[in-house]
Amino acid sequence: MKKKSAIFTIVKDEAYYLDKWLNYYSQFFNKEDIYVLDHQTKDSSTDNLDCNVIEIINEVAFDHLWLVDQVQNFQQTLLEQYEVVIFTEVDEILYSLNQSFDSFVEDFRLNNNLSYLSAIGYEIKQDIDHEKPLTQSDNILENRNYWFRYPNYDKTLITKIPLLYQPGFHFCNYDQIFNNLFLLHLHRVDLNLMIERRQKRATTWNLKQDDIARGWGTYHKDGEIEKIKYHFDHYHDSVFISVELIPQEHKNSIYGL
């Protein structure tokens with residue numbers, strides 16, 4: 001007999017975000033139902049965790065097709081054990097308005113008319129003129145007030161059936177279905193964190209040149225602070241990011257972050 005639901009992510013040297021991810025999702029899932037695919041982390045952030053940590057090995061990063069294969073294969077493996085499987089990248093927070101996330105997942109599990117669901121994507125962005133840099137212990141939503149809507153972050157991440165993803169996990173092999181599920185993306189939550197993260201990837205990670213040639217994740221090779229600051233304020237297509245206040249009802253629906 002299958003268990004009810006599981007959640008997993010994939011990481012490589014993500015100390016800040018993995019801590020936040022685990023703190024948030026541990027409110028809704030038992031530790032034995034939380035899985036971390038560890039892509040040769042060297043910052044000790046995956047050491048001695050009380051959830052499932054599974055090592056995966058590839059000396060090249062980012063290798064987008066390999067990443068997609070890892071996620072798809074592990075999702076399928078978990079679906080053999082669980083009725084519902086949720087995947088998010090480590091800087092992604094799923095939530096539902098006016099309902100706890102575990103209650104939302106259980107309603108989805110019991111709904112025989114739905115095989116998967118997509119999330120409506122927003123990204124938090126630091127107001128660097130008025131909001132302080134974050135420390136690990138700071139609650140994000142107590143210190144951040146602005147976000148922007150970005151349809152590329154509409155992702156299908158909760159499912160009862162195997163999904164086939166495109167690189168970046170923005171699209172899968174089914175049309176999107178929305179039903180009161182939201183995704184909060186944290187990539188721009190703090191400029192200093194973004195600079196540190198990008199510089200580490202640019203200087204210490206072995207990037208797959210085929211991916212760079214295809215234009216997949218080209219920003220990972222840019223460790224220059226001015227380029228990172230530019231991307232902090234712009235989309236990939238150079239359109240300036242326009243932010244708005246995060247509605248209080250959304251803040252009220254996300255706790256433990």
Side-chain angles (χ1 to χ4, degrees), residues 9 14 16-18 20-21 24-25 62 86-99 101 104 117-135 138-158 165-172 176-199 201 215-220 222 224-257:
T9 191
E14 294 282 12
Y16 177 83
Y17 290 103
L18 181 58
K20 292 294 183 182
W21 190 91
Y24 178 76
Y25 289 110
F62 273 75
I86 301 151
F87 164 70
T88 81
E89 295 189 85
V90 74
D91 57 1
E92 295 173 344
I93 299 299
L94 293 173
Y95 67 97
S96 178
L97 280 182
N98 306 315
Q99 184 179 18
F101 186 57
F104 176 88
L117 278 176
S118 311
I120 300 171
Y122 288 85
E123 179 155 13
I124 287 186
K125 184 174 182 293
Q126 179 189 12
D127 178 354
I128 59 174
D129 293 325
H130 301 99
E131 295 175 340
K132 68 171 187 174
L134 293 171
T135 67
D138 286 331
N139 181 286
I140 289 175
L141 291 176
E142 290 176 1
N143 293 278
R144 294 293 181 265
N145 297 292
Y146 298 93
W147 69 2
F148 61 94
R149 173 82 175 98
Y150 193 20
N152 266 13
Y153 295 140
D154 294 352
K155 294 186 175 185
T156 303
L157 301 174
I158 176 170
Y165 287 108
Q166 295 182 21
F169 309 104
H170 300 285
F171 304 100
C172 74
Q176 293 176 326
I177 297 176
F178 299 100
N179 183 22
N180 195 31
L181 181 64
F182 297 86
L183 183 153
L184 192 63
H185 193 231
L186 303 178
H187 184 62
R188 292 177 176 85
V189 73
D190 188 275
L191 178 58
N192 289 345
L193 284 171
M194 185 172 169
I195 290 172
E196 178 184 356
R197 196 183 192 199
R198 290 282 186 85
Q199 287 185 325
R201 293 180 177 186
W216 296 345
T218 53
Y219 55 84
H220 293 302
D222 292 328
E224 298 176 24
I225 289 179
E226 290 308 312
K227 288 184 178 179
I228 299 170
K229 287 181 177 178
Y230 178 84
H231 190 237
F232 182 76
D233 287 321
H234 296 79
Y235 291 131
H236 295 284
D237 56 8
S238 302
V239 176
F240 187 77
I241 292 171
S242 179
V243 300
E244 59 186 15
L245 279 172
I246 303 171
Q248 191 60 46
E249 65 173 337
H250 284 263
K251 282 196 170 190
N252 292 344
S253 297
I254 309 168
Y255 40 91
L257 192 60

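Below, all heavy atoms of this structure are taken into account, side chains as well, without hydrogens, waters or symmetry copies. Given the structure is predicted, the values throughout are model-derived calculations rather than measurements. Index from 1, following the sequence.
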Q: Taking the side chain as every heavy atom from C-beta outward, state whether T9 and Y25 have any pair of such atoms under 4.5 Å apart.
A: no

**Q.** side-chain contact (heavy atoms from CB on, under 4.5 Å) against F178, all qualifying residues, sequence neighbours excluded
**A.** S118, I120, D154, Q176

Q) If you round to the nearest 0.5 Å, how far is CD of Q99 from CG of L181? A) 10.0 Å

(Q) Does Y150 form a ring-ring contact (aromatic ring centres under 6.0 Å, His included) with H185? I'd like the steps, not just the answer. (A) CA-CA 10 Å; Y150 193 20; H185 193 231; 8.6 Å; no

Q.
For L184 versus I254, what's the shortest heavy-atom pair and its separation?
A. CD2-CD1, 3.8 Å

Q: Mind checking the CG-CD1 spacing from N252 to I246? Nearest 0.5 Å is all I need.
A: 11.5 Å

Q: Apply the test side-chain contact (heavy atoms from CB on, under 4.5 Å) to residues Q126 and M194: give CA-CA distance (whole Å), side-chain angles for both, the deciding distance (0.1 Å), then the verdict.
A: CA-CA 11 Å; Q126 179 189 12; M194 185 172 169; over 6 Å; no

Q: Scan for salt bridge (Lys or Arg N to Asp or Glu O under 4.0 Å) pairs involving residues 119-130, sequence neighbours excluded, and state none if there are none.
A: E123-R188, K125-D233

Q) Can you tell if the side chain of N145 reaches within under 4.5 Å of the side chain of H130, non-hydrogen atoms only? A) no

Q.
So which atom in S96 and which in S253 form the shortest heavy-atom distance, rounded to 0.1 Å?
A. O-CB, 3.5 Å

Q: Search all heavy atoms of E131 against all heavy atoms of N143 and return the closest pair with its distance.
A: CD-O, 3.6 Å

**Q.** Validation row: I124, L141 side chains within 4.5 angstrom (heavy atoms)
**A.** yes

Q.
Quick check: do Y17 and E89 have side-chain heavy atoms less than 4.5 Å from each other?
A. no

Q: Write down the atom of P133, the atom of D138, and the distance for their closest heavy-atom approach.
A: O-OD2, 4.0 Å

Q) Excluding sequence neighbours, so at least two apart, what forms ring-ring contact (aromatic ring centres under 6.0 Å, His included) with F169? A) F87, Y165

**Q.** Beyond-backbone contact of W21 with T88, side-chain heavy atoms, under 4.5 angstrom
**A.** yes

Q) For the residue pair P247 and W147, what are the closest heavy atoms and their distance? A) CD-CZ2, 3.4 Å

**Q.** Interatomic distance, H234 atom NE2 to I241 atom CD1 [nearest 0.5 angstrom]
**A.** 8.0 Å

Q. How far apart are the closest heavy atoms of I158 and I86, and which atoms are they?
A. CG1-CG1, 3.7 Å

Q. Which residue, Y146, F182, Y255, forms the ring pair (Phe, Tyr, Trp, His ring centres under 6.0 Å) with H250?
A. F182

**Q.** Between NE2 on residue H231 and CD1 on residue I195, distance to nearest 0.5 Å
**A.** 13.5 Å

Q: Report yes if the side chains of L117 and F104 come closer than 4.5 Å at any heavy-atom pair, otherwise no.
A: yes

Q.
Any heavy-atom pair between the side chains of L134 and R144 that's under 4.5 Å?
A. yes

Q. Can D91 and K20 be counted as an ion pair, charged N to O under 4.0 angstrom?
A. no

Q) Heavy-atom distance under 4.5 Å between the side chains of I93 and F101, does that happen here? A) no

Q: Please round to the nearest 0.5 Å and tell me the distance separating atom CZ of F232 and atom NE2 of H187.
A: 9.5 Å

